[in-house]
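Read through the structure below, which is laid out as structure tokens, and then see the notes.
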Amino acid sequence: MLAAQVRIDGTPTIWAAQYDEHSLQPAKARAYELPSLAVAESVGVLRLLMRQPQPDARIVAAVEAAAAWLQAHRLPDLAFEMVDAPQAPGGRDRRLLPRAGASLWARFYDLERQQPLVADRDSRPVAFEDLPHERRIGYAWYGTWPEKLLAEELPRWRAAQAAAAR
């Protein structure tokens with residue numbers, strides 16, 4: 001797991017959703033799942049690493065680097081919601097909406113700019129609002145996956161690490 005943590009310009013970030021089995025580099029899965037940094041999957045990896053008894057310095061460094069990356073790439077004051085949309089099939093649509101105090105993360109971030117990455121079924125990156133309706137409502141492009149981990153689980157883990165070091 002530690003070897004698979006994606007490094008960009010030498011700096012550890014988070015993990016990809018899938019990897020090439022030979023190179024261990026981020027790889028494409030479904031057409032709209034391009035090689036990228038994957039937030040939801042990385043939260044699971046972090047929880048796995050944080051459950052390790054007596055984590056060594058490499059695990060602690062990996063957790064801290066990933067947590068810092070997640071904090072830095074939080075999308076503040078933004079919500080991802082289903083809204084009424086009479087013109088849309090089924091009368092509903094998903095939108096990114098400003099909301100004071102809310103936080104979101106994109107499911108995927110590109111490997112160069114580390115910015116949210118959304119792709120259509122033809123593997124072409126697009127702006128979220130340019131996705132066809134079925135892609136906007138049929139996939140978790142944005143979410144709050146790291147919220148509990150960063151607010152509750154990570155502080156408890158850090159406190160346990162500090163207590164163990166005494």
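Keep in mind that what you see is a predicted model, and the values were worked out from it rather than measured. Each residue takes its place number in the sequence, starting with 1.
Outside the 6.0 Å centre-distance limit, the rings of Phe108 and Tyr32 are not counted as a close aromatic pair.
With hydrogens and angles ignored, the 3.5 Å screen pairs no side-chain donor or acceptor of Glu33 with any backbone N or O of Lys28. Listed for the Gln52 side chain is a donor-acceptor partner under 3.5 Å among the backbone atoms of Leu48.
Within a 6.0 Å sphere centred on CD of Glu134, heavy atoms belonging to other residues, nucleotides or ligands number more than 12. For Gln54, the CD atom sits in a loose shell: 12 or fewer heavy atoms of surrounding residues, nucleotides or ligands are nearer than 6.0 Å.
Contact check on Arg95 versus Glu129 returns no salt bridge, with no Lys/Arg side-chain nitrogen under 4.0 Å from an Asp/Glu carboxylate oxygen. Between Asp120 and Arg135 there is no salt bridge, since none of the side-chain N atoms of the basic residue sits less than 4.0 Å from a carboxylate O of the acidic one. Ion pairing between Arg156 and Glu153 fails under the 4.0 Å rule for side-chain N and carboxylate O.
Under 3.5 Å, the side chains of Gln114 and Trp69 contain a donor-acceptor pair of N or O atoms.
A cation-pi arrangement is found for Arg94 relative to Phe80, the charged atom lying closer than 6.0 Å to the ring centre and inside a 45° cone about the ring normal.
Two residues are said to be in side-chain contact when any heavy atoms from C-beta on lie closer than 4.5 Å; Leu49 and Pro55 fail this criterion. With a 4.5 Å cut-off on side-chain heavy atoms, Leu75 and Pro116 count as touching. The closest side-chain heavy-atom distance from Trp15 to Leu37 is not below 4.5 Å. Side-chain contact between Ile14 and Gln5: absent, with no pair of heavy atoms (C-beta onward) separated by less than 4.5 Å.
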